[in-house]
Amino acid sequence: MLRREREELFENYRLLEDAFHARSWEPVAEVFAHDPFADPKDEGVGQLLSSAFIEQLLPVSSLGVAGFALHFHSLPKGTGELIVGLSYLESGEGIAEWNVPYVGLATGWNFFSLPRACGGAARTLRLRVSASGSDALGLSLGHHIASERYSARSEHPHPDLDLRPLAFRVFTGLPGVKPASTANMIAPTSLLEGQFTIDYRLGLEKLSQIADVSVTQIVPDFQTIRFLDHEHAIVCHPLASGISAGAINRAIEPGTVSLSASAIIDHPKGAPAAVSFLLSPASSNARAEVAELARKGTVKPSTLFSGWREVGAQQSISISMQMDEPIRVPMDLIILSRAAGDSVDFCWLKVSSFRLVKQSTEALDVR
């Protein structure tokens, strides 16, 4: 009896929705827009998207929001993917995610639709935009604004993001109702209802537990792997041959979907080096995983590898990993370094500002 009543209730909802559609009461209306603006001093945020992410709060209530649009002034010719996530700021609960190959985007405005306009209580919406691929994506920014809250921001400083929002438009429809069909709308790749996005960092207790798991025939007269307490950083000095590596046991929590950190050679005369991350199951032998990479240049299917990035003394770089799906079990974080040239003089590679993002089915405590 309850099942029949439930089916009848949902059928009534469907009929009500059809009635709205029949009378054209559900048009999608633009309620807010930041037009694109090209500042002559812009450096472009394309490379930032590949190494980190950009967040943008929408200055409208979530109630009735049916979609949004982002503007791209240029698109790369190489392969890559745009990753856009929409969530509620107050709880961290996800709404939807769009994974769009570069070939699926167009120069100018690109429209992203929700399967149903947002209902429930009025909340604040947060956009998170990133990209995968080596070529820079030409995401447009808007004019300068006075509000810091509604300016675009990233986990890494960037001069273009100084009190400037993304160029975007917001569209609304009837709350809880499928929006009317609009040309060039991009549907979500996945719905995140019931999932909460949580940022977490590696604390002193974890970082201080780093263990040397280097694979090299050289025995130096100095410590190659160490923890800098006052800077919350890890130093990993590469050697002339082999791989210097430090492992932090069970640093990566289940549900983690991304990892990023900053790296720099911490000496003005330091030789350049290559740095990377390796995530291995907590039950595996970290030194054996490093040896596998040193010997074959590849890793086991159960292990995740970020790829090598060259880093020098002039400017810090961001090294990051984006997971195809949330990690299911705790994993060890292994920080790797190797020589990038003939010299490793003063090559004190410092890795810091570890930031991780995970998805959870439990609400974030926002008190």
Problem - Audit row: Val129, Leu70, side-chain contact (heavy atoms from CB on, under 4.5 Å) steps and yes/no - result: CA-CA 10 Å; Val129 186; Leu70 295 174; 4.2 Å; yes

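- Between the side chains of Glu90 and Thr124, at least one donor-acceptor pair of N or O atoms lies under 3.5 Å.
- Within a 6.0 Å sphere centred on CD of Gln217, other residues, nucleotides and ligands contribute 12 heavy atoms or fewer.
- Ion pairing between Glu292 and Lys296 holds under the 4.0 Å rule for side-chain N and carboxylate O.
- Between Ala152 and Leu166, the shortest heavy-atom distance links the atoms CB-N, 4.0 Å.
- Using a 4.0 Å cut-off between a side-chain N of Lys or Arg and a carboxylate O of Asp or Glu, Glu231 and Lys350 qualify as a salt bridge.
- Here the side chains of Gln56 and Arg153 are not in contact, with every heavy-atom distance at 4.5 Å or above.
- Salt-bridge annotation for Asp162 and Lys41: absent, with no side-chain N of the basic residue lying under 4.0 Å from a carboxylate O of the acidic one.
- Under a hydrophobic clustering in which Ile, Leu, Val, Met, Phe, Trp and Tyr are joined whenever their side-chain heavy atoms come within less than 4.5 Å, directly or via other members, Leu48 and Tyr102 fall into the same cluster.
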Practice task
Could you walk me through whether Leu349 and Val311 pass side-chain contact (heavy atoms from CB on, under 4.5 Å), step by step?
Solution key: CA-CA 8 Å; Leu349 172 64; Val311 57; 3.6 Å; yes

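- Smallest separation of non-hydrogen atoms from His143 and Pro36: NE2-O, 4.3 Å.
- Side chains of Leu125 and Tyr88 form a contact here, defined as non-hydrogen atoms less than 4.5 Å apart.
- No more than 12 heavy atoms of other residues, nucleotides or ligands shown are found within 6.0 angstrom of CZ on Arg6.
- Atom OG of Ser130 and atom CG of Leu137 lie 10.5 Å apart (nearest 0.5 Å).
- Arg287 contributes a side-chain N or O that, together with a main-chain N or O of Ser214, makes up a donor-acceptor pair within less than 3.5 Å.
- Taking 4.0 Å as the cut-off between side-chain N and carboxylate O, Glu253 and Lys358 count as a salt-bridged pair.
- Side chains of Leu259 and Leu333 form a contact here, defined as non-hydrogen atoms less than 4.5 Å apart.
- A distance-only check finds a donor-acceptor pair linking the side chain of Thr189 to the backbone of Asn99 [under 3.5 Å].
- Ion pair Glu55/Arg128 flagged as a salt bridge, since at least one NZ, NE, NH1 or NH2 atom sits closer than 4.0 Å to an Asp/Glu carboxylate oxygen.
- Under the 30°/60° scheme for interplanar angles, the aromatic rings of His267 and Phe346 are found to lie parallel.
- Hydrophobic clustering of Ile, Leu, Val, Met, Phe, Trp and Tyr side chains at less than 4.5 Å, counting indirect connections, unites Phe32 with Leu141.
- Closest heavy-atom contact between Ser316 and Ile264: N-CD1, 3.7 Å.
- Residues Gln47 and Ala136 approach most closely at NE2-CB, 3.7 Å, considering heavy atoms.
- The backbone N or O of Leu204 lies less than 3.5 Å from a partner atom in the side chain of Ser208, making a donor-acceptor pair.
- Of all the heavy atoms in Gly44 and Asp160, the pair that sits closest is N-OD2, 2.7 Å.
- Checked options Trp98, Phe168, Phe111; the residue passing with Phe68 is Trp98 (criterion: ring pair (Phe, Tyr, Trp, His ring centres under 6.0 Å)).
- Arg309 places a side-chain N or O within donor-acceptor distance of the main-chain N or O of Ser318, the cut-off being under 3.5 Å.
- Side-chain contact between Leu161 and Ser154 is present, with at least one heavy-atom pair separated by less than 4.5 Å.
- The shortest distance between side-chain heavy atoms of Ser244 and Arg338 does not fall below 4.5 Å.
- Considering only heavy atoms from C-beta on, Ser284 stays 4.5 Å or farther from Ser302 through its side chain.
- In this structure, Asn249 CG and Ile210 CD1 are separated by 11.5 Å, a value rounded to the nearest 0.5 Å.
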Practice task
Could you go through the side-chain contact (heavy atoms from CB on, under 4.5 Å) check for Leu336 and Trp308 one step at a time?
Solution key: CA-CA 9 Å; Leu336 312 170; Trp308 293 102; 3.8 Å; yes

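- Without hydrogens or angle criteria, Arg164 side chain to Gly142 main chain gives a donor-acceptor distance under 3.5 Å.
- Hydrophobic clustering keeps Phe72 apart from Ile83 (ILVMFWY residues linked when any side-chain heavy atoms are closer than 4.5 Å, directly or through intermediates).
- We find the CG-CE distance between Leu278 and Met331 to be 8.5 Å, quoted to the nearest 0.5 Å.
- A distance of 6.5 Å separates CZ in Phe53 from OG in Ser258, rounded to the nearest 0.5 Å.
- Placement of Ile252 and Val357 in two distinct hydrophobic clusters is found when ILVMFWY residues are connected by side-chain heavy-atom separations under 4.5 Å, directly or transitively.
- The aromatic rings of His71 and Trp109 sit perpendicular, their planes meeting at an angle over 60°, well past the 30° parallel limit.
- Using modelled atom types, no side-chain atom of Thr172 and backbone atom of Val65 make a donor-acceptor pair closer than 3.5 Å.
- Going from atom CG of Leu86 over to atom CG of Leu58 covers 6.5 Å, rounded to the nearest 0.5 Å.
- Ile248 and Lys206 make their closest contact through CG2-O, 3.3 Å (heavy atoms, listed as atom of the first residue, atom of the second, distance).
- For the pair Pro101/Thr79, no side-chain contact is recorded, criterion being any heavy-atom separation below 4.5 Å from C-beta on.
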Exercise for the section: Using the side-chain contact (heavy atoms from CB on, under 4.5 Å) rule, take Leu304 and Met323 through it: C-alpha gap first, then chi angles, then the decisive distance, then the call. Expected result: CA-CA 9 Å; Leu304 302 175; Met323 322 308 172; 3.9 Å; yes

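- Between the Ser140 side chain and the His73 main chain, a donor and an acceptor come within less than 3.5 Å of each other.
- Asp212 places no side-chain N or O within donor-acceptor distance of the main-chain N or O of Ile225, the cut-off being under 3.5 Å.
- The backbone N or O of Ala274 lies less than 3.5 Å from no partner atom in the side chain of Ser337, so there is not a single donor-acceptor pair.
- Linking Ile, Leu, Val, Met, Phe, Trp and Tyr whenever their side-chain heavy atoms come within less than 4.5 Å puts Val84 and Leu75 in one cluster.
- Between the side chain of Asn110 and the main chain of Gly108, a donor-acceptor pair closer than 3.5 Å is present.
- By the 4.5 Å heavy-atom criterion applied to side chains, Asp39 and Asp42 are counted as neighbours.
- The CG atom of Leu356 sits 7.0 Å away from the OG atom of Ser260 when rounded to the nearest 0.5 Å.
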